[in-house]
Protein chains: 2
Amino acid sequence: MPESIWFRDDDRPRRPRLTRERIVTAAVALLDAEGVAGFSMRALAARLRAGTMSLYEYIRSKEDVFDLALDEVIGEIEPAEAGPWRELLVRQLTQSRQVMRRHPWVPALTATRPLLGPNAVARSRVFYSALADAGLSGATLVAAVGTLSSYVNGFVASENTWWDTVRTPEADAEIRGKVTRHLDDHVGELARHAQVDDGDFDAQFLLGLDLVLDGIATRLPPG
Amino acid sequence: MPESIWFRDDDRPRRPRLTRERIVTAAVALLDAEGVAGFSMRALAARLRAGTMSLYEYIRSKEDVFDLALDEVIGEIEPAEAGPWRELLVRQLTQSRQVMRRHPWVPALTATRPLLGPNAVARSRVFYSALADAGLSGATLVAAVGTLSSYVNGFVASENTWWDTVRTPEADAEIRGKVTRHLDDHVGELARHAQVDDGDFDAQFLLGLDLVLDGIATRLPPG
DNA sequence: CTTCGTTCCGTGCACTGTACGGAAAACCGT
DNA sequence: ACGGTTTTCCGTACAGTGCACGGAACGAAG
């Protein structure tokens, strides 16, 4: 009795080789490995041992895949739960940065497309409600949230491009020196302590974040 | 006497049809008209009424063109001269935003590549010296500058993607409503005053900017 | 077994960036 | 005026892209 209920799996009456999930997972892996430039539908299909056009049963276009992959990795950010607004936001944003470092292609994509996926809006709500609880509302609330996410995005974007310029296959030290000298020549000693010098991005990140948070704090109602 | 000194132009003994400048100008125009996705070397060459491969006498790759076009439009930002640090920065950043609105492809490109062109570093120096004069230095100075440029980039990027989603050929109002409702459903009334509702980006921009500047102000030495 | 909807995918098309090598033109020394 | 060199121009070609189309293979239902 092979078709007995005990041997069937009614959760998935159809069991296609491909699924949207499998595609998205593979897309994230491919983007991690090759970057946006190295990403192609053919390479994605190859990774899944499938024909290229099979993918199009599950997604409408390459753009779709980008949107899905983006929301997928945004899902890796676990929403912070409770705590004072400031610590909560620091935790949340630190995690965001970690995710974007793990998936360096994220800032490039977020710059082009609106983030409307379920995970994105869920994370966004964390910011809104944290700051609303703290006492913000209206346009100020929107400005605060926007500023915070702009900050993470911008910071990690420049962090990534810095590693990219330095991590080029050859000439690790040579290029590093070249760029540093280039900047030194033109910006002068003002940027002496720029990331360029030491790559201490962790400290810089928290420093800038504190700055923004201080700005937000001035907008909070007294108490 | 056609070769008389009065009819010659000794400034340019060689006078090629193409020049790097002409290419860059055309590239900016093409990017303005078609966006990053619609930009191609063939289209660029066509705009210059030249063969595609002629371009490669003057630039090494498409990436080069992007870098040059980027620095070109950054040059449109006229460096603010004097004045109290805060007004100066507001002026400078407002101008940056205007330029990025005029050339909506800028945020997408800055997210990927380091800004090392002459105009970019010149503008960057304006920020550094303004804040240095105000009393910042070291890592705090770097953090402040980074935060400010992240803010403009991020703000305009989301501003642009918003216009893109809404300005889609068909269904101006329909899509607008769809997205608004989508966000309303998930983020709830917290974002009621989001850009989504009214598109009053100017006010929002200044609001967020003030927030960041307040944060910076807390780092200034007393006096 | 037939029918029908789903899944898979080979082929083809228009288009991309750019390597290569040759034609044409502009310059220079005689 | 003429040969040689260098600079400018670009046609062709190649490997790659996203995806439209239409057919094959398969599973479930009648």
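Lettering of chains follows the sequences in order, A, B, ..., and the numbering in each one begins at 1. Hydrogens, waters and symmetry mates are skipped; everything else that's a heavy atom, side chains included, is used.
By the 6.0 Å and 45° rule, A:Arg97 stacks over the aromatic ring of A:Phe205.
For B:Arg101, the salt bridge (Lys or Arg N to Asp or Glu O under 4.0 Å) test picks out B:Glu159, with sequence neighbours left out. With sequence neighbours excluded, the residues forming a side-chain contact (heavy atoms from CB on, under 4.5 Å) with B:Ala144 are B:Leu131, B:Leu136, B:Ile216, listed by chain and number. Listed by chain and residue number, A:Glu63, A:Asp67 satisfy the salt bridge (Lys or Arg N to Asp or Glu O under 4.0 Å) test with A:Arg113 (two or more places apart in sequence, or in another chain). Remark: A:Ala157 engages A:Pro107 in a side-chain contact (heavy atoms from CB on, under 4.5 Å) (not counting sequence neighbours). Shown here are the salt bridge (Lys or Arg N to Asp or Glu O under 4.0 Å) partners of B:Arg47, two or more places apart in sequence or in another chain: there are none. For the salt bridge (Lys or Arg N to Asp or Glu O under 4.0 Å) test, no residue two or more places apart in sequence or in another chain qualifies with A:Glu57.
In this entry the distance linking CG of B:Leu55 with P of C:dT16 reads 13 Å, nearest Å. Atom CD of B:Glu57 and atom P of D:dT6 are 15 Å apart (whole Å). Atom pair B:Leu48:CG and D:dC10:P shows a separation of 10 Å (rounding to whole Å applied). Taking atom CZ of residue B:Arg22 and atom P of nucleotide D:dT8, one finds them 14 Å apart after rounding to whole Å. The CG atom of B:Leu18 sits 15 Å away from the P atom of C:dA26 (whole-angstrom rounding). Residue B:Ile59 contributes atom CD1, which lies 10 Å from atom P of C:dG17 at whole-angstrom precision.
Close to C:dG17, at under 4.0 Å from its OP1 or OP2, lies no side-chain N or O of B:Tyr56. Regarding contacts with the backbone of D:dC10, a side-chain N or O of B:Ser54 is found under 4.0 angstrom from either OP1 or OP2.
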Return one dot-bracket line describing DNA chain C 5' to 3' (Watson-Crick or G-U wobble pairs, both distances under 3.5 Å; ( ) same strand, [ ] crossing, | another strand, . none). ||||||||||||||||||||||||||||||
Name each donor-acceptor pair under 3.5 Å that joins a side chain in residues 71-81 of chain B to protein atoms two or more places apart or in another chain, with its distance.
| from | atom 1 | to | atom 2 | distance (Å) |
| --- | --- | --- | --- | --- |
| B:Asp71 | OD1 | B:Asn119 | N | 3.4 |
| B:Asp71 | OD1 | B:Ala120 | N | 3.0 |
| B:Asp71 | OD2 | B:Asn119 | N | 3.0 |
| B:Asp71 | OD2 | B:Asn119 | ND2 | 3.4 |
| B:Glu76 | OE1 | B:Arg102 | NE | 3.3 |
| B:Glu76 | OE1 | B:Arg102 | NH2 | 3.2 |
| B:Glu76 | OE1 | B:His103 | NE2 | 3.0 |
| B:Glu76 | OE2 | B:His103 | NE2 | 3.0 |

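Relative orientation of the B:Phe39 and B:Phe66 rings is tilted, given thresholds of 30° and 60° on the angle between their planes.
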Between the protein and nucleotides 11-17 of chain D, which nitrogen or oxygen pairs come in under 3.5 angstrom?
| from | atom 1 | to | atom 2 | distance (Å) |
| --- | --- | --- | --- | --- |
| D:dT17 | OP1 | A:Ser40 | OG | 3.0 |

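Listed candidates were D:dC10, C:dC8, C:dG17. Nearest to the side chain of B:Arg17 is D:dC10. Between C:dC8, D:dC19, C:dT18, one nucleotide has an atom nearer to the side chain of B:Ser61 than all others, and that is C:dT18.
At a threshold of 4.0 angstrom between heavy atoms, the contacts of B:Ala50 are confined to the sugar-phosphate backbone, with no base atom among them.
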